[in-house]
Amino acid sequence: MKRKLLSMVLCLSVVAAMAMGCGNPKEAKNEPVKTSDAAKADDKADANDAADADDAADDAAEDTSGDEKLVVGFAQIGQESGWRDAETMSIQTYAEEHSDTIELHFADAQQKQENQIKAIKSFIEQDVDVIGLAPVVETGWDQVFAEAKDAGIPIVLLDRRADVSEDLYTTFIGSDFIEEGKMAAAEMAKLIGEEGKIVELEGTVGASAATDRKKGFDDEIAASYPNIEIIASQTGDFTRAQGKEVMESFLKSNSDIKGVYAHNDDMALGAIEAIKEAGLKPGEDIKTVSVDGVKDIFEAMAAGEANCTVECNPLLGPLFFEVAAQLKAGESVEKWVKSVDGVFTADMAAEVLPDRQY
Ligand code: AHR
């Protein structure tokens, strides 16, 4: 508590000295690559955006240098997907590279909400400056968030939302999952000529990434494509193994599946294995659309075994620490720092693959 008081006094002087010099954090941009020229232009823009976020995070981290370190607790979900590993790497690498100004306390909850709650309680006891959380599911956070609020520690939600009243968390950094689902529906419709039977592999039950990607996709199909029928939809828990297992059972009970929509690339990659083992050609007999944009799906697209991915940027480390430093400095931040997602199709894969960062 002594440290917190000292920190508050120092923060006030930092805020006064900065005199609102730092604006709100920027949107996390993640534009799609469209054509070869556009690809180069977009790549440059992405590189610039990444560099900007990095510079801003550096500046923000430096703001604490005359002070004590920025102490952050982060409760990660686990290691269920390549995307999750990339997000963890982005957070840990950034903290390591800035260890002179940042102290990161990192907890891997192994897919269990109770472990994330335990981690948050321990961060509160350690009196960290900011708590970051990627909530495994949306509900069940009210009590522990209220405890953090009472202790004066801001909560930053990273990549997934929590279903709590707005005063219990400070900001959400991440994508519009409903929009991702809508984009996926439009791509699936194009791939199958706007008609036919499709199946859906859902993410973790109760996770905002699963609920919203399903809502966006299903609503768009129902509203705009009356000749497309979602004949089966089941959770594969965002993992490759369960994606494969569920696809195997879909294939056993249905002979005329034209497409599979998976809430993440890992489940799509599992489904691709199941399709091949069933003697069919993924990418041709059964089209695939998934979300994330991990390297493995680009490799599958380049090999003609996958058709489309809606990118969701996991490289959120620099932006997360930028926001955390701003909160420590007593600045206000936007309630939703939104990532902009793009769509990548198989014809772009070979060109884009060498530059994929995750
Ligand atoms: O919350 C983001 C989702 O979580 C990613 O799409 C998925 O791969 C991860 O497990």
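FYI, side chains are in, hydrogens and waters are out, and symmetry mates aren't considered; it's all heavy atoms of this structure. Each ligand, and each atom within it, is numbered from 1 in the order the structure gives.
Between the Trp336 side chain and the Gly174 main chain, a donor and an acceptor come within less than 3.5 Å of each other.
Minimum heavy-atom separation, Asn307 to Thr288: OD1-N, 2.8 Å.
Remark: minimum distance from atom 1 (O) of ligand 1 to any protein heavy atom is reached at Asp159 OD1, 2.5 Å. If you check which protein heavy atom lies closest to atom 10 (O) of ligand 1, you get Glu80 OE2, 2.4 Å. Counting only heavy atoms of the protein, atom 6 (O) of ligand 1 lies nearest to Asp292 OD1, 2.5 Å.
Taking the six-membered ring where the residue is Trp, His98 and Tyr94 present parallel rings, their angle staying beneath 30° rather than reaching 60°. Between Phe106 and Phe74, the angle of the ring planes stays under 30°, which puts this pair in the parallel group of the 30/60° scheme.
The atoms of ligand 1 that sit less than 4.0 Å from any heavy atom of Asn264 are 6 (O), 7 (C), 8 (O). Atoms of ligand 1 found under 4.0 Å from any heavy atom of Ala209 (numbered from 1 in listed order, with element): 1 (O). Distances below 4.0 Å separate heavy atoms of Trp83 from the following atoms of ligand 1: 2 (C), 5 (C), 8 (O). Taking every non-hydrogen atom of Arg84 and a distance limit under 4.0 Å, the qualifying atoms of ligand 1 come out as 1 (O), 2 (C), 3 (C), 4 (O), 9 (C), 10 (O).
Ion pairing between a basic and an acidic side chain is recognised when a charged N comes within 4.0 Å of a carboxylate O; Glu187 and Lys190 show such pairing.
Heavy-atom distances between Glu87 and ligand 1 stay at or above 4.0 Å for every pair.
At a heavy-atom cutoff of 4.0 Å, ligand 1 is contacted by no atom of Gln79, backbone or side chain.
Among Asp265, Ile297, Asn313, Val310, the single residue meeting the side-chain contact (heavy atoms from CB on, under 4.5 Å) criterion with Asp292 is Asp265.
Taking the six-membered ring wherever Trp is involved, the centroid distance between the rings of Phe344 and Phe298 falls below 6.0 Å.
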